[in-house]
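Single-structure report; data block below.
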Amino acid sequence: MPELPEVETVRRGLAPVFENAEILGLDLARPDLRFPFPERFAERVAGRRVLSLGRRAKYLLADLDDGEVIVAHLGMSGAFRIETDGEAVGGEAETVAAHAFVYPRSQARAHDHVVFRLKAAAGGVPMRIVYNDPRRFGFMTMVRREAIASHPYFRNLGVEPAGNALDGDLLARLFAGKAAPLKAALLDQRLVAGLGNIYVCEALYRAGLSPVAPAGTIATKAGRASVRAERLADAIRSVIDEAIAAGGSTLRDHRQANGELGYFQHSFSVYGREGEPCRTPGCGAAVARIVQSGRSTFHCPRCQK
DNA sequence: ACTGGATCCTGCCTGC
DNA sequence: TGCAGGCAGGATCCAG
């Protein structure tokens, strides 16, 4: 599920319930996910209030009222769902849109690993936020707010791909002199933080750039932006912004009848479309799949140079 | 300094 | 129908 647009969608879905809520307790179904949970995780979280739910790259950050931050990464298959204790929630289900729907309380499902039990808001019902992760590539830890910037997870993270931070000049500077293919450079979280396999493929298609072209070819000899760099920066911003607006992409996750979650997957131009026609008008070539550093790359061999 | 490959784990799809 | 093999949205570590 989760590249940046999906994580942002999760954040927006959880925030109305999680922010300002008091955590009554934490239930852990096992001692670890990808890594062990932090020492005394449940005790440190119990009784704390969540001040805000933020995001950096693909990380979720829940700021607590004692200066600690719960840091969560969804890995490949992590997902949150919100449950009530069975009462109808009326309009609240609408507020909590996109990737986090409010479900009636249910029996624990397979691969439910963490449950945050929340105190009922005034006039509301108690909520539970459940973390489910079949592959357990996700992880959670706790870091003090002032230590976030220097923490190993964050200190080497590159620029956010959405918003105004990323432009052709910056991208050209980051990629100047690099022999690695554009695909690999865009997946490198130290350069641009938050892109994953899907959105890299889509951005390269939009920019008309070959995934195998050396990253340094988007910079001039002086390290300045070229037309290619500007096109790529524009493509990254537009694909990420559009995907966030669409609620992210939902793949292999269709188990819930009411959970037609994100819908950006319907807008893919190349990802998962091997053998299908390129969508560029008049192109007519078939989308190709190649493997770069062990992962599938989808591209149009005719449009992308 | 880079790069590709292996690795963690489970589920699902394909092909024999 | 059963089962082996391959593949999947991530990110780190290691050898070359």
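What's counted below: heavy atoms across the whole structure, side chains too, no hydrogens, waters or symmetry copies.
The distance between atom CG of A:N132 and atom P of C:dG9, rounded to the nearest whole Å, is 19 Å. Remark: C1' of C:dG6 and CZ of A:R289 are 10 Å apart, rounded to the nearest angstrom. Distance A:I198 CD1 to C:dA11 P: 13 Å, rounded to the nearest Å. In this structure, A:N197 atom CG and C:dA8 atom C1' are separated by 9 Å, rounded to whole Å. Taking atom CZ on A:R190 and atom P on B:dT3, their separation rounds to 9 Å, with Å as the unit. Atom-to-atom, NE2 of A:H73 to P of C:dG9 comes out at 14 Å; the value is rounded to the nearest Å. For the pair A:L4 CG and C:dG9 C1', the interatomic distance rounds to 13 Å; values are reported in whole Å. In this structure, A:L195 places its CG atom 10 Å from P of C:dG10, rounding to the nearest Å.
Checking the phosphate oxygens (OP1, OP2) of B:dG4, no side-chain nitrogen or oxygen of A:R295 falls inside 4.0 Å. Considering only side-chain N and O atoms, A:R34 lies nowhere under 4.0 angstrom from the phosphate OP1 or OP2 of C:dT12. The side chain of A:S296 contributes no N or O atom lying less than 4.0 Å from OP1 or OP2 of C:dC7. A:R136 has a side-chain polar atom (N or O) that falls below the 4.0 Å cut-off from OP1 or OP2 of B:dT10.
Each of A:Q292 and A:K178 lies near DNA chain B, and the nucleotide nearest A:K178 is the one positioned closer to the 5' end. Across the interface with DNA chain C, nearest-nucleotide mapping of A:F298 and A:Y153 shows A:F298 to be the residue nearer the 5′ end. Along DNA chain B, the nucleotide nearest A:R30 and the nucleotide nearest A:A180 are compared for position; the residue whose nucleotide lies closer to the 5' end is A:A180.
At least one donor-acceptor pair under 3.5 Å links the side chain of A:R30 to the backbone N or O of A:D32.
Side chains of A:V270 and A:H299 form no contact here, defined as non-hydrogen atoms less than 4.5 Å apart.
When each of A:R237, A:R55, A:K58 is paired with A:E160, the salt bridge (charged side-chain N to carboxylate O under 4.0 Å, His left out) condition holds for A:R55 and for no other.
The partner of B:dC9 is absent, by the rule that a Watson-Crick or G-U pair needs both atom distances under 3.5 Å.
When distances run from any side-chain atom of A:E3 to the nucleotides C:dG9, B:dC9, C:dA8, the shortest one goes to C:dG9. Which of B:dC9, B:dG11, B:dG4 sits closest to the side chain of A:P134 comes down to B:dG11. Residue A:H111 places its side chain closer to B:dT10 than to any other of B:dT10, C:dA8, C:dG9. Distance from the side chain of A:F137 is smallest to B:dC8 among C:dC7, C:dA11, B:dC8. Distances were taken from every side-chain heavy atom of A:Y271 (C-beta onward) to each of C:dG9, B:dC9, B:dC2; the shortest belongs to C:dG9.
Neither side chain, A:Y153 nor A:T141, offers a donor N or O lying under 3.5 Å from an acceptor on the other.
The shortest non-hydrogen separation linking A:R228 to A:K305 is NH1-O, 3.3 Å.
A gap of 12 Å separates the P atoms of B:dA6 and C:dG6, to the nearest Å. The gap from the P atom of B:dC9 to that of C:dC3 amounts to 23 Å, rounded to the nearest Å.
A:A184 comes within 4.0 angstrom of nothing in the nucleic acid, heavy atoms only.
For A:R135 and A:F137, the positive end sits near the middle of the six-membered ring, less than 6.0 Å away and at most 45° from its axis.
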